[in-house]
Amino acid sequence: IILQSLFESLLLNSVAVALALILILLVLPAFNNYVGKELVIGLADMGAFMPILGFILLGTVLSGIYPALVLSNYSPAKALKAAIRTSSSGVNVRKGLIVGQFMATIILLIGTIVVTKQIQFLQNQPIGADLDQVVALNGKRMDDTADSVFIKDTRALQNELRNFPFVKSTVRAQTYPGENYDDMSSSVGITFPDGTEDDSRIWYSYAVGPEYFKLMDMQFVAGGPFLRNSKGISDQIVMNETFVRHMGIQRMEDAVDKTVKFFGQDWVISGVIKDYHHFGLKTGIEPMLLRHNANFGKLLVKLDQNSLSTSGLNGAIEMMENKWRELLPQSTFEYRFLDQKFEAQYKEDRAFGSAFQIFTILAILIASMGLFGLTSYTILQRKKEVGIRKVNGATVGQILTLLNKDFVKWVGFAFMIAVPISWYTMNKWLEGFAYKTTISWWIFALAGITALTIALVTVSWQSFQAAVANPVDSLRDE
């Protein structure tokens, strides 16, 4: 009996694994497209599946051994007399499996809601700058043109672009919100206006032209932008509020016209801007310095949404590219929209949320199938009890309550286990964000109600059929 049961279990699991692999190969392209990943399965990846195959083999042995041991312990005489009764241990195992499946389902439901809520929070949170309709033009210089000539040609390009009806303004900038630390300048030592030196941390700065603040809609809380000059460069800087507070100055106005020293020279503070999120909302706001240098970096172009309707976005890009190639033939042409670049920071989080949704749907299906099977078994075991209760006057509602209340208790027990686990897990995940949403009580309530609804929908149809069945059919062999 044991060998036969193991063979049947191995055959069944082998067929299931084969079907699963076929399904993975068929669904993987759609999965990659949904979560934004490029997962591939090749012969080189087979080693990664060994733990999974080992787990499947263990499941095969356990699923074969358990029924074999149960069957081998049956008394043939009792089996022929149909005198075998369901053991409490077997029922408890089935209950435990259902509780475990619904616990996993509720945890995934809560996780999906929290991840979706956090991503929406990040997308809707103001960053302190307007990246909409701003495109960054950039290219690699392909020859040894002198810097002075390249700067002159770039200025000519800016002037030409400003004549386009769909261009509001242009400015050169070393970097912009959404790019990382590698695109910025850094220094370790800095001297504050009061003479205090700080070499305990890295200070970040980047070069921009005077028009940068208006183009990016950055708000000044004190002072103003750099004063323009023919050279396009000076010793003026603008800092954010966080930097001013790091210097020990409380009133932002008091920082204006003060001098700080870094990069081996003195810099005059021309203004203070409101804090903005340069690196996204996963990290806190860094002290930031913006240096006056309009001759360096990428070319940022602010587009006019109303004027774009005539030429179209693609047409506008094509016109700018043609002008770029005309005036800067020694350079390649690349472009990127700033809002898309900024949103790309959350690509992995969105992929994580999409994967969560898929796993949640699978968990719901698995839990529903397990509950459906247990419901069928339970109703079959209580068939005669239902018939007797109906003969004694029980209503359909009473029968439904009788059959469903145990399943409701199991889901409630799974909910009580799942809540603290999911709360702890999602709080740990949210610790990776400097700015995060709250895990509200309604998230747990919604997940619990959803799980309960799934359970009731799964069991109610079979319970209803048992409740309306003719009791004579269930009592006929008594």
Side-chain angles (χ1 to χ4, degrees), residues 33 35-38 118-140 154 157-158 161 166-186 204-209 211-219 240 273-286 288-291 293-294 296-305 308 312-321 324 328 331-354 432-435:
N33 183 61
V35 301
K37 292 285 186 179
E38 287 298 328
Q118 173 65 10
I119 293 173
Q120 290 176 346
F121 173 81
L122 295 177
Q123 292 175 332
N124 297 330
Q125 191 79 356
I127 67 168
D130 183 13
L131 309 183
D132 189 40
Q133 300 299 322
V134 180
V135 58
L137 308 182
N138 193 28
K140 295 180 181 178
T154 305
L157 174 62
Q158 284 185 256
L161 293 180
F166 52 80
V167 173
K168 278 187 175 181
S169 60
T170 67
V171 69
R172 292 192 72 180
Q174 180 180 351
T175 186
Y176 49 80
E179 292 202 309
N180 54 38
Y181 294 95
D182 297 335
D183 301 294
M184 310 186 79
S185 303
S186 61
Y204 292 98
S205 66
Y206 63 100
V208 299
E211 301 86 357
Y212 178 81
F213 307 100
K214 183 177 180 181
L215 185 145
M216 301 295 288
D217 196 23
M218 291 181 172
Q219 305 300 314
N240 64 354
I273 56 172
K274 291 184 65 174
D275 283 336
Y276 73 99
H277 298 279
H278 192 96
F279 304 107
L281 282 83
K282 282 191 172 183
T283 59
I285 294 176
E286 292 278 351
M288 198 70 65
L289 292 170
L290 290 81
R291 310 186 314 274
N293 189 341
F296 176 59
K298 307 166 183 69
L299 181 56
L300 305 185
V301 181
K302 179 73 171 181
L303 303 178
D304 186 347
Q305 179 66 41
L308 279 176
L313 186 58
N314 293 333
I317 296 296
E318 184 178 356
M319 291 176 66
M320 290 190 292
E321 180 179 2
W324 177 288
L328 300 175
S331 174
T332 61
F333 177 81
E334 301 170 0
Y335 73 92
R336 171 170 283 176
F337 285 94
L338 269 60
D339 56 350
Q340 295 177 1
K341 171 67 175 177
F342 196 87
E343 287 296 320
Q345 299 176 92
Y346 310 123
K347 180 180 179 181
E348 294 215 353
D349 298 306
R350 283 193 291 267
F352 180 65
S354 299
F433 299 86
Y435 300 89

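A quick note: this is a predicted structure, and the numbers were derived from the prediction, not measured. Heads up: numbering here begins at 1 and tracks the sequence.
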> Can you list the steps and then say if F433 with L281 is a side chain to side chain contact (heavy atoms under 4.5 Å, CB included)?
CA-CA 7 Å; F433 299 86; L281 282 83; over 6 Å; no

> Any chance you could measure Y204, atom OH, to M184, atom CE, to the nearest 0.5 Å?
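Reported value, rounded in 0.5 Å steps: 8.5 Å.
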
> For F213, check ring pair (Phe, Tyr, Trp, His ring centres under 6.0 Å) against everything at least two apart and list the hits.
F220, F226

> Where does the angle between the aromatic ring planes of Y212 and Y206 fall among parallel (under 30°), tilted (30 to 60°) and perpendicular (over 60°)?
perpendicular

> Can the ring centroids of F121 and Y435 be said to lie less than 6.0 angstrom from one another?
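Aromatic pair excluded; centres sit 6.0 Å or further apart.
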
> What residues form a ring pair (Phe, Tyr, Trp, His ring centres under 6.0 Å) with F296, not counting sequence neighbours?
none

> Residues in ring pair (Phe, Tyr, Trp, His ring centres under 6.0 Å) with Y276, at least two apart?
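Y276: ring pair (Phe, Tyr, Trp, His ring centres under 6.0 Å) contacts with H278.
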
> Within a 6.0 Å radius of atom CD on E318, are there more than 12 heavy atoms belonging to other residues, nucleotides or ligands?
no

> Look up atom CE in M320 and atom CZ in F166, then write down how far apart they are to the nearest 0.5 Å.
5.5 Å

> With rounding to the nearest 0.5 angstrom, report the OG1 to CG distance, T170 to L137.
9.5 Å

> Check the angle between the aromatic planes of F342 and Y346 and answer parallel, tilted or perpendicular using the 30° and 60° thresholds.
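F342 vs Y346 ring planes: perpendicular.
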
> Are K298 and E179 close enough, and set up right, to give a salt bridge (Lys or Arg N to Asp or Glu O under 4.0 Å), and what steps lead you there?
CA-CA 12 Å; K298 307 166 183 69; E179 292 202 309; 3.4 Å; yes

> Quick check: closest heavy atoms across P177 and M216, and the distance to 0.1 Å?
CD-CE, 3.5 Å

